Number of protein chains: 2
Amino acid sequence: MRRHELTNPAAAHTDGASHDHAVCIDALLDRAKHSFGEKGLKLTALRLRVLEEIAASHDAVGAYDVLERLAARSGGKVAPISVYRAIEALREAGVVHRLESRNAFFACHAPHLGRHGHMALVCDKCAEVVEVEAPDFHASLQRAGRDRGFAVTSAIAEGFGVCEVCRAEATKPAHEEQS
Amino acid sequence: MRRHELTNPAAAHTDGASHDHAVCIDALLDRAKHSFGEKGLKLTALRLRVLEEIAASHDAVGAYDVLERLAARSGGKVAPISVYRAIEALREAGVVHRLESRNAFFACHAPHLGRHGHMALVCDKCAEVVEVEAPDFHASLQRAGRDRGFAVTSAIAEGFGVCEVCRAEATKPAHEEQS
DNA sequence: GGGCCGATGATATGATATAACACTTGAGCC
DNA sequence: GGCTCAAGTGTTATATCATATCATCGGCCC
Ligand SMILES: [Zn+2]
Ligand SMILES: [Zn+2]
Ligand SMILES: [Zn+2]
Ligand SMILES: [Zn+2]
């Protein structure tokens with residue numbers, strides 16, 4: 001089992017159940033086109049396929065998951081390095097981030113140009129990742145660093161817990177639970 | 001080369017050059033003994049050997065680095081899983097942390113019982129890790145999460161930049177540089 | 001002693017990521 | 001068109017990080 005997978009994949013609830021995810025995807029692809037253009041990068045067929053797989057949910061997925069899904073869905077097989085290269089380009093374009101604590105990747109649905117001041121919240125139950133703005137975070141980190149002569153140029157922050165939907169499910173009466 | 005190593009290991013300056021690191025080690029070992037005792041864990045010979053290797057510098061080191069150093073220094077070879085198990089125990093005791101962004105581990109020289117409210121600052125030049133207290137961080141993360149119904153139970157934060165010593169070296173006149 | 005449990009050993013494998021080099025393609029230039 | 005160059009991708013191999021599984025050992029309790 002991939003290290004970032006859940007014991008209960010059925011717990012994932014962001015593939016359309018709680019919102020119209022097609023809207024998320026459309027907005028993301030649109031932003032990706034613009035972002036690639038602005039940065040002089042090319043949103044090639046492979047990169048688009050990889051982005052579509054990552055953006056298919058709000059979860060963080062491993063590079064090898066992407067690879068398997070590409071093979072299963074798009075037909076043509078690709079090598080691990082090709083997936084990693086595509087992901088790297090998507091990261092440069094700012095449409096995909098890496099979840100450092102899980103060695104996995106997730107689509108950025110909340111543009112925040114400049115890599116600073118956002119945090120990822122990861123649900124331990126359903127693996128969903130949401131980004132929250134945290135303008136204070138980077139500033140306070142730089143302040144803390146400055147006290148020690150440390151010049152902070154970039155930072156990451158990741159929080160773990162239980163998301164709203166999973167909390168609601170956890171408090172549901174037992175007879176409403178799925179088997 | 002291990003991914004977390006530097007291109008110029010000589011840049012490391014925390015192995016005694018800029019402070020009396022024996023003091024750091026003594027304090028850490030002392031704290032480790034107490035912490036293992038309090039938690040009902042045992043600071044076994046293997047765990048102590050692993051801790052000594054990790055604590056030998058303020059850098060983050062990979063599990064396989066530890067393994068190689070154990071083989072080189074202490075004689076007896078150990079399997080990767082044994083190193084990982086020892087590291088896991090040291091983490092539970094709170095004397096070692098994982099640097100998520102590098103898949104590496106570093107000794108905690110700044111006790112902060114409870115895993116909240118600290119951040120790691122990593123020098124891109126010398127790989128030194130310093131921990132800074134950030135009492136606001138976890139609170140603000142929980143506040144941000146609460147707005148979205150997300151209950152944050154733990155979090156990590158890692159900052160990257162250039163430490164004081166390396167900054168000083170960078171501004172030194174060229175004729176003082178090492179070849 | 002015998003049962004138990006936490007720690008370690010031993011072996012194998014899984015999971016994540018990159019190196020090196022070849023090939024293709026398209027843009028810019030002449 | 002033909003040339004060059006750079007970016008992207010393919011192909012193969014390998015490096016790096018981490019865990020599964022079962023055996024064994026040694027202290028501790030009864
Ligand atoms: Zn969505
Ligand atoms: Zn984002
Ligand atoms: Zn020290
Ligand atoms: Zn610490």
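The structure presented is a predicted model; accordingly, all values stated were derived computationally and were not measured. Numbered from 1 within each chain, the chains take letters A, B, ... in sequence-line order.
- Checking C/dG9, C/dA10, C/dT18 against every side-chain atom of A/P80, the shortest atom distance belongs to C/dT18.
- Following chains of ILVMFWY side-chain contacts shorter than 4.5 Å, one can reach B/V50 starting from B/I25, so the two form part of one hydrophobic cluster.
- For B/T44, the listed nucleotide lying nearest its side chain is C/dA7; candidates were C/dA7, C/dT16, D/dG8.
- Within 4.0 Å of B/I81, counting heavy atoms only, lies at least one base atom of the nucleic acid.
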(request) Report the C-alpha distance between A/H21 and A/H109 in whole Å, list the side-chain angles of each, state the deciding distance to 0.1 Å, and finish with yes or no for ring-ring contact (aromatic ring centres under 6.0 Å, His included). (result) CA-CA 11 Å; A/H21 190 55; A/H109 295 278; 5.8 Å; yes
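- Distances shorter than 4.0 Å separate none of the side-chain N or O atoms of A/R102 from OP1 or OP2 on D/dA18.
- In this structure, B/K77 places its NZ atom 15 Å from C1' of C/dG9, rounding to the nearest Å.
- The shortest side-chain heavy-atom distance between A/D26 and A/D30 does not fall under the 4.5 Å cut-off.
- Note: A/F137 and B/F137 have tilted aromatic rings, judged against thresholds of 30 and 60 degrees for the angle between ring planes.
- B/Y64 does not qualify as a stacking partner of the D/dT16 base, lacking a centre-to-centre distance under 5.5 Å together with planes within 30°.
- Counting to the nearest Å, the P atom of C/dT16 and the CG atom of B/N103 are 11 Å from each other.
- Across the protein-nucleic acid pair, B/R49 atom CZ and C/dA7 atom P stand 17 Å apart, rounded to whole Å.
- The listed nucleotides are D/dA18, D/dG10, C/dA10; the one nearest the side chain of B/R98 is D/dA18.
- Nucleotide C/dA17 holds its C1' atom 12 Å from the CD atom of A/E88, rounded to whole Å.
- Taking atom CZ of A/R85 as the reference point, atom C1' of C/dT18 lies 10 Å away to the nearest angstrom.
- The CD atom of A/E131 lies 4.5 Å from the NE2 atom of A/H118; values are rounded to the nearest 0.5 Å.
- A/L70 places its CG atom 15 Å from the C1' atom of D/dG10, with the value rounded to the nearest Å.
- Placement of A/V130 and A/V162 in two distinct hydrophobic clusters is found when ILVMFWY residues are connected by side-chain heavy-atom separations under 4.5 Å, directly or transitively.
- Here the nucleotide nearest the side chain of A/L46, chosen from D/dT9, C/dA17, D/dT11, is D/dT9.
- The CG atom of A/L43 sits 13 Å away from the C1' atom of D/dG8 (whole-angstrom rounding).
- For the pair A/R47/A/F36, a side-chain contact is recorded, criterion being any heavy-atom separation below 4.5 Å from C-beta on.
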Between the protein and nucleotides 22-26 of chain C, list the N/O to N/O atom pairs that are separated by less than 3.5 angstrom.
none

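- If you measure from atom CG of A/L41 to atom P of D/dA7, you get 10 Å, rounded to the nearest angstrom.
- Considering only side-chain N and O atoms, A/Y84 lies under 4.0 angstrom from the phosphate OP1 or OP2 of C/dA17.
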